[in-house]
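This report refers to the structure that appears directly beneath it.
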Amino acid sequence: MPALVTALVLLLVAPGAEANVTSGPLTFSSPLLVDDAYPFASPMPFDTLSCPATSLCVGDAGNPGGLSDLGPDQLIASTQPGGGAASDWTDTSTAQIAGNASGYVLTGVSCPVATFCLAEGTDGADGKLLTSTDPAGGAGAWKVTTLTGEPLFRGPACASSGGSSVCVAGTVIDQGGIVCADGFYVSADPTGGASTWSLAPTQFNGAGCLGPGSGTGSDGGQIASCPSTTFCIVVDGGYVKSSTPGTASSWPTTPSTITDGPATMNADGISCTSTTFCMAVAQSSPGFSAAVATTIDPTAASPTWKITDVSAPLTELVSCYADSGAPAPYHVICLDGIDSSAAAGYAETVEVSLDGGVTWVPEPLTEPRGTPTGRPTTLACPGAAAALCIAGTDTGAVISSTNAGAGASAAWTGALPVAPGSSSIELAAQSCPSTALCAAIDTAGNVISSTTPTAGGWMVGNVDPTGLAQIACPSTTLCVALDTGGDVTQSTDPGAGPSSWSAPAVIDPGAAASGGGLSYLACPSASLCVALDLNGNVFESSNPGAGAGSWSAANKIDSTVDSISVPNQLSALACPTVNLCVATDTGGNILESRSPATGAWSTPEPIDGSAANDLLDLLCPSTALCLAAGSNDFLTSTSPGTGAWSPPAHIDGTNALASIACASTALCVAADFQGAVTASTQPTSGGSSWSTPVTIDPGHQLGGLACPSNTLCVALDDAGRALTGTPGSAGGWPGRARRTSTAPTHSGLTRSTSRAGTSTARRPPSA
């Protein structure tokens, strides 16, 4: 997925009656994963995909090219790759194969036949070669060979015949302190252990110094290609080839150059359909032109290369397959996946060539609502005469075509998500109008809702691929959400799940151009919703369930700047009734409106003069109580419509508060960026009235909190998880912190606050 924009948490909690508060401690359940649906915050893109037959496709998904904190890579396999159902695909984490949580990073898979696959990877220090004779058989079907001290980063390529196989696997060579992925190991017995693998003597000159993370490989779009057990070719700028590829000594010590008269090409990738056709490709500049070199005599002592400069922005993932129906003399179909939105007017394409790479025709990919296709990063055609072609994308999805050779008229299926995300989306905000409905949004545009939040039953679905920033539900029959691009979407039956939501429609046309997207929303009733954007504008609707047409035009209410003349951004909004709305900005100012439906607002007034005076969260459970949090400051007001606020206080030590929720004016709960919560039955009485913080979600940021009643609070974290709890009584809490969660600790997503109007995300000031 493109870069994520994390939404500022704003909680709109229905004001409760002044009921008797139950006694007891502040307790929360263990975290429950509720946001695990595609698309993911950090999707696992396909690196390679190898399909020897229509009965098997195996790929690897994860962080292409190098180690990261995204988690262990996955082997993705299917024995029915053209079946069209996600259940046709299985994923096996390398953590299961390795027997430890870190697993391996994979950089390629090659399956020359359905009964043999080789996956190449690394644990960061040593090369890992994974082999299997039952590639779809799960973790137990894979054997690991370790090449000590040789982290592998490009490849592999294998060929099989008569039950025997030869393989080539790219490795890292240090050339005078410059690490290049331009060496390779070879084996004529790839399942025989480390002793059967040897380093070829070839030393490339570094012109094709690829290194970890330099690009995405593919099945054929790699540095090596082996169309038979008696011929393999390797490129990395120049090229080397061998007729006995499993023997290291048979490989030349220096590479030859790819030349066509005076023209030369430094190749990035190679794909050979047979011993009579190979195509090499060089990406001259991302998003611009590329060069293609083809030869019909690759096994000759001095192959004849034809170099063609092409306008299509090809990458090194080119893949070619034999197709008898394609024109002579090549009889091949070659594919390449690109993002050509600027050139062709659609988001992603597959480029197809039937004439040996001289001309390329773009085939647009469909993007059904809520299922972004993503850029193809690997392509494979297991069917005879390219009757079936499958692409893996950078969003962990697969798409397929049964007529890829048809050019622009070819039909590709919609995205089918099959690779797991490495982490769930950060849940950005939620609204719980009652104990019978909680609805949340995340930064990938998913809506997550439940009519039984304490019992689970969370429904997840994508309603806005732009990414949602805020949600408000004034009742169980109306929820409204905003995205960062200036759009609004709504549902009059939110309990029915994501399918009940409208398509996004624009109400802030200036948001996308200025970077000041819609980010703050309050709906005190079904007859009034108010929204803010980062440019200081306010929008109103008296019939929000009717969609975008019911919203007003932008009305500028905040033009203040900070001490270095940077515009302050409207940072939070709360509307306890249709007759009162309160807003804060990042300069520590407050604004009020007693007639929000008309767009009439007071001028900004300073209430927080501290150095870190960003007021980033605001809650008003009634017209007689508002609470504002910024950095680690906490302010309250019992008459918010007059601009009278308490001095800043601290209720959570030096920790920054992430969100606030009140079941009533007599019970409020606050959550911080360290996974802790604190509560008070006298929220206006200063810091001493708040309980000692209780850690309920170690290692995570609690960016969403709602308490629709005195007996239910729901907290959301940065890993897509929900925790339900009982707020209890604050009377006996001070000094009695209780840890009630034993959830494992791991890094959450980082939040950041932009002063330039390009992001509404939030982070702890100390981060």
Side-chain angles (χ1 to χ4, degrees), residues 107-108 110 112 116 118-122 126-131 143 145-176 178-210 222-259 266-267 269-272 274-276 278 280 295 297-303 305:
T107 55
S110 179
F116 174 69
L118 171 71
E120 181 179 343
T122 179
D126 301 324
K128 302 294 181 180
L129 298 172
L130 286 63
T131 57
K143 173 185 176 182
T145 296
T146 298
L147 298 181
T148 304
E150 296 290 347
L152 303 171
F153 285 109
R154 294 301 297 271
C158 298
S160 295
S161 178
S164 62
S165 301
V166 296
C167 291
V168 176
T171 189
V172 169
I173 293 178
D174 188 334
Q175 298 181 341
I178 301 176
V179 176
C180 299
D182 57 4
F184 55 95
Y185 273 79
V186 300
S187 177
D189 183 15
T191 63
S195 63
T196 67
W197 288 84
S198 301
L199 182 66
T202 303
Q203 294 289 307
F204 287 96
N205 60 15
C209 185
L210 300 175
Q222 304 172 174
I223 63 169
S225 187
C226 297
S228 79
T229 55
T230 58
F231 178 69
C232 287
I233 186 169
V234 178
V235 298
D236 193 1
Y239 72 93
V240 291
K241 53 192 175 67
S242 174
S243 59
T244 54
T247 304
S249 60
S250 70
W251 291 85
T253 57
T254 57
S256 302
T257 57
I258 297 175
T259 60
N266 290 323
I270 184 77
S271 181
C272 300
S274 67
T275 57
T276 59
C278 287
T295 177
D297 59 349
T299 62
S302 299
W305 293 90

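Just so you know, residue 1 is the first one in the sequence shown, and it goes up from there.
Of all heavy-atom pairs spanning Pro190 and Ala188, the tightest one is CD-C, 3.7 Å. Contact record, Cys278 with Ser274: SG-O, 4.4 Å, taken as the closest heavy-atom pair. Residues Ile258 and Ala267 come closest through the heavy atom pair CD1-CB, 3.9 Å. Scanning all heavy atoms of the two residues, the minimum distance from Ile233 to Cys272 falls at CG2-SG, 3.5 Å. The shortest non-hydrogen separation linking Leu129 to Leu118 is CB-CD1, 4.0 Å. The shortest non-hydrogen separation linking Lys128 to Thr146 is NZ-OG1, 2.9 Å.
With Phe184 as the partner, the side chain to side chain contact (heavy atoms under 4.5 Å, CB included) test is satisfied by one option alone out of Thr202, Asp236, Thr171: Thr202.
Formation of a donor-acceptor pair under 3.5 Å by the Thr196 side chain with backbone atoms of Asp189 is found in this model.
Residues meeting the side chain to side chain donor-acceptor pair (under 3.5 Å) test with Ser249, sequence neighbours left out: none. Not counting sequence neighbours, Tyr185 has no partner by the ring pair (Phe, Tyr, Trp, His ring centres under 6.0 Å) test. Judged as a salt bridge (charged side-chain N to carboxylate O under 4.0 Å, His left out), and not counting sequence neighbours, Lys241 has no contacts. Listed by chain and number, the residues in a side chain to side chain donor-acceptor pair (under 3.5 Å) with Thr229 amount to none (sequence neighbours excluded). Listed by chain and number, the residues in a side chain to side chain donor-acceptor pair (under 3.5 Å) with Thr131 amount to none (sequence neighbours excluded). Under the side chain to side chain donor-acceptor pair (under 3.5 Å) criterion, Thr295 pairs with Asp297, not counting sequence neighbours.
Atom CD of Glu150 is separated from atom CG of Asp126 by 9.0 Å, given to the nearest 0.5 angstrom. Interatomic distance, Ser160 OG to Phe116 CZ, rounded to the nearest 0.5 Å: 6.0 Å.
Side-chain contact check for Pro156 versus Ser110: some heavy-atom pair is nearer than 4.5 Å. Residues Pro201 and Trp251 form a side-chain contact, since some pair of their non-hydrogen atoms from C-beta on lies under 4.5 Å apart.
Under the 2.5 Å cut-off for SG-SG separation, Cys226 and Cys167 do not qualify: their sulfur atoms lie farther apart than that.
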